[in-house]
Amino acid sequence: MIRLENIERTFQVGDEQVYALRQINLTVRVGEYLSIMGPSGSGKSTLLNILGLLDRPDKGVYHLDGRDATHLDDRPQAELRRHKIGFIFQFFHLIPRLTATENVELPLTLAGVAPAERKQRVMAALAELGLADRARHRPDQLSGGQRQRVAIARATIMRPALILADEPTGNLDRASGQEVIQTIEALNAQGMTIVMVTHDPELGGRTRRQVRMNDGRIAHDSGADDEK
């Protein structure tokens with residue numbers, strides 16, 4: 001599914017060149033459930049952005065689903081991102097003026113899916129996440145947990161193979177967070193590959209594989225032995 005080889009990413013901060021990622025080598029198999037942990041500034045978010053094709057490495061190679069995605073032009077990169085990757089963010093990133101149905105439907109609209117199929121798929125996705133009775137509600141009419149479940153429905157409506165979750169419970173109370181993480185784990189049980197960034201050691205401990213980062217490097221990978 002994912003293979004990173006010698007990935008490096010630097011940023012220019014004033015006169016100083018800052019290394020966000022150094023010599024990152026990582027393989028993630030289809031269906032894995034993996035957490036990326038580490039202190040602030042360790043490179044977690046930069047790594048997730050590269051995995052999501054939201055950023056490009058300065059050096060190294062990124063293979064996604066057997067395809068070299070390192071230097072794709074913007075259009076094929078956007079197509080690959082649209083069809084292969086779903087994103088779940090800490091702050092939901094729902095469009096405030098749209099209903100739950102319209103937020104979930106948006107990726108299908110952009111992909112040119114016919115209206116009848118869009119409606120069927122969206123209603124099925126909302127019902128599966130227990131949101132059928134909230135379909136016409138806007139984000140400001142939903143609880144935090146409900147908003148995150150709408151965001152999950154939107155992230156998975158294109159049936160991507162890979163879900164990237166950035167602190168998915170970080171903006172939720174404990175009970176809502178438990179519901180959301182159980183939903184994410186159910187997606188993994190259905191075969192989706194999950195890569196999750198989290199500061200929460202309890203949440204990270206639930207994943208079958210943990211990667212710890214420090215100073216832009218992978219300091220520990222509980223699945224490293226399995227890659228050999």
Side-chain angles (χ1 to χ4, degrees), residues 1-91 93 107 155 158 160-168 170 188 192-201 203-204 207-228:
M1 164 60 72
I2 291 171
R3 190 170 82 253
L4 300 178
E5 299 175 354
N6 301 315
I7 293 291
E8 296 196 358
R9 183 71 172 99
T10 60
F11 296 97
Q12 197 70 30
V13 180
D15 296 330
E16 184 180 1
Q17 191 176 49
V18 176
Y19 276 84
L21 297 176
R22 301 171 182 262
Q23 291 292 303
I24 298 293
N25 292 280
L26 180 69
T27 299
V28 181
R29 299 175 196 80
V30 173
E32 279 206 86
Y33 181 26
L34 179 150
S35 58
I36 300 174
M37 296 179 285
S40 296
S42 61
K44 304 185 303 297
S45 294
T46 301
L47 178 56
L48 203 72
N49 286 340
I50 286 176
L51 292 176
L53 301 175
L54 300 173
D55 193 12
R56 300 176 189 269
D58 297 306
K59 296 181 181 178
V61 179
Y62 174 23
H63 284 95
L64 175 61
D65 209 16
R67 182 176 181 180
D68 187 343
T70 317
H71 302 294
L72 290 176
D73 292 337
D74 289 344
R75 180 169 293 179
Q77 186 183 66
E79 283 294 309
L80 189 59
R81 187 166 55 236
R82 181 181 301 143
H83 292 283
K84 293 288 185 181
I85 305 171
F87 297 91
I88 303 170
F89 301 101
Q90 178 177 354
F91 294 104
H93 293 313
M158 291 292 293
L162 172 65
I163 296 292
L164 301 177
D166 189 2
E167 299 284 358
N188 178 245
M192 288 188 184
T193 304
I194 310 289
V195 178
M196 176 175 62
V197 162
T198 181
H199 281 96
D200 185 343
L203 195 59
T207 64
R208 289 191 292 274
R209 180 179 174 189
Q210 297 88 37
V211 171
R212 296 186 182 277
M213 297 189 66
N214 197 20
D215 292 331
R217 300 181 186 275
I218 293 178
H220 176 73
D221 180 355
S222 68
D225 291 340
D226 296 334
E227 294 181 12
K228 296 177 181 179

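Computed from heavy atoms alone, side chains included, the values below leave out hydrogens, waters and symmetry copies.
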So, applying side-chain contact (heavy atoms from CB on, under 4.5 Å) with Ile218, which one of Asn25, Val211, Leu4 is it?
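By the side-chain contact (heavy atoms from CB on, under 4.5 Å) criterion, Ile218 pairs with just one of Asn25, Val211, Leu4: Val211.
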Backbone N/O of [Y] and side chain of [X]: donor-acceptor pair under 3.5 Å:
{"X": "Glu32", "Y": "Arg29", "answer": "yes"}
{"X": "Asn49", "Y": "Asp55", "answer": "no"}
{"X": "Tyr62", "Y": "Leu51", "answer": "yes"}
{"X": "Lys44", "Y": "Met213", "answer": "no"}

So, taking the atom named [atom1] in [X] and the one named [atom2] in [Y], what distance separates them when rounded to the nearest 0.5 Å?
{"X": "His83", "Y": "Met158", "atom1": "NE2", "atom2": "CE", "value": "4.5 Å"}
{"X": "Ser35", "Y": "Leu203", "atom1": "OG", "atom2": "CG", "value": "7.5 Å"}
{"X": "Leu164", "Y": "Ile2", "atom1": "CG", "atom2": "CD1", "value": "6.5 Å"}
{"X": "Thr198", "Y": "Gln90", "atom1": "OG1", "atom2": "CD", "value": "9.5 Å"}
{"X": "Lys59", "Y": "Gln23", "atom1": "NZ", "atom2": "CD", "value": "8.0 Å"}
{"X": "Glu167", "Y": "Leu48", "atom1": "CD", "atom2": "CG", "value": "10.0 Å"}

Using side chain to side chain donor-acceptor pair (under 3.5 Å) as the criterion, list what pairs up with [X], not counting sequence neighbours.
{"X": "Arg212", "answer": "none"}
{"X": "Arg56", "answer": "Asp74"}
{"X": "Arg217", "answer": "none"}

Does [X] reach the side chain of [Y], with side-chain heavy atoms less than 4.5 Å apart?
{"X": "Ile36", "Y": "Val197", "result": "yes"}
{"X": "Ile85", "Y": "Leu64", "result": "yes"}
{"X": "Leu162", "Y": "Lys84", "result": "no"}

| field | Arg208-Asn188 side chain donor-acceptor pair, cut-off 3.5 Å | value |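 There is such a pair between these side chains.
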### Message
Quick one, Ser42 with Met37, criterion side-chain contact (heavy atoms from CB on, under 4.5 Å). Give me CA distance, side-chain angles, the key distance, then yes/no.
### Response
CA-CA 9 Å; Ser42 61; Met37 296 179 285; over 6 Å; no
Heavy-atom pair of closest approach, residues [X] and [Y]:
{"X": "Ala69", "Y": "Leu80", "answer": "CB-CD2, 3.9 Å"}
{"X": "Gly43", "Y": "Leu21", "answer": "O-CD2, 3.5 Å"}
{"X": "Thr70", "Y": "Gly60", "answer": "CG2-O, 3.4 Å"}
{"X": "Gly31", "Y": "Thr193", "answer": "N-OG1, 2.8 Å"}
{"X": "Leu54", "Y": "Arg81", "answer": "CD2-CD, 3.9 Å"}
{"X": "Ala155", "Y": "Pro160", "answer": "O-CG, 3.4 Å"}

Item to check | More than 12 heavy atoms from other groups under 6.0 Å of CG on Asp215 | outcome: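 Open: at most 12 neighbouring heavy atoms sit under 6.0 Å from CG of Asp215.
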task: Quick one: sort the His93 and Phe89 rings into parallel, tilted or perpendicular, breaks at 30° and 60°.
output: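 Perpendicular, since the angle between the ring planes exceeds 60°.
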Next item on the list: Go through the steps for Arg209 and Asp221 under the test salt bridge (charged side-chain N to carboxylate O under 4.0 Å, His left out), then give the verdict.
Entry: CA-CA 7 Å; Arg209 180 179 174 189; Asp221 180 355; 2.7 Å; yes
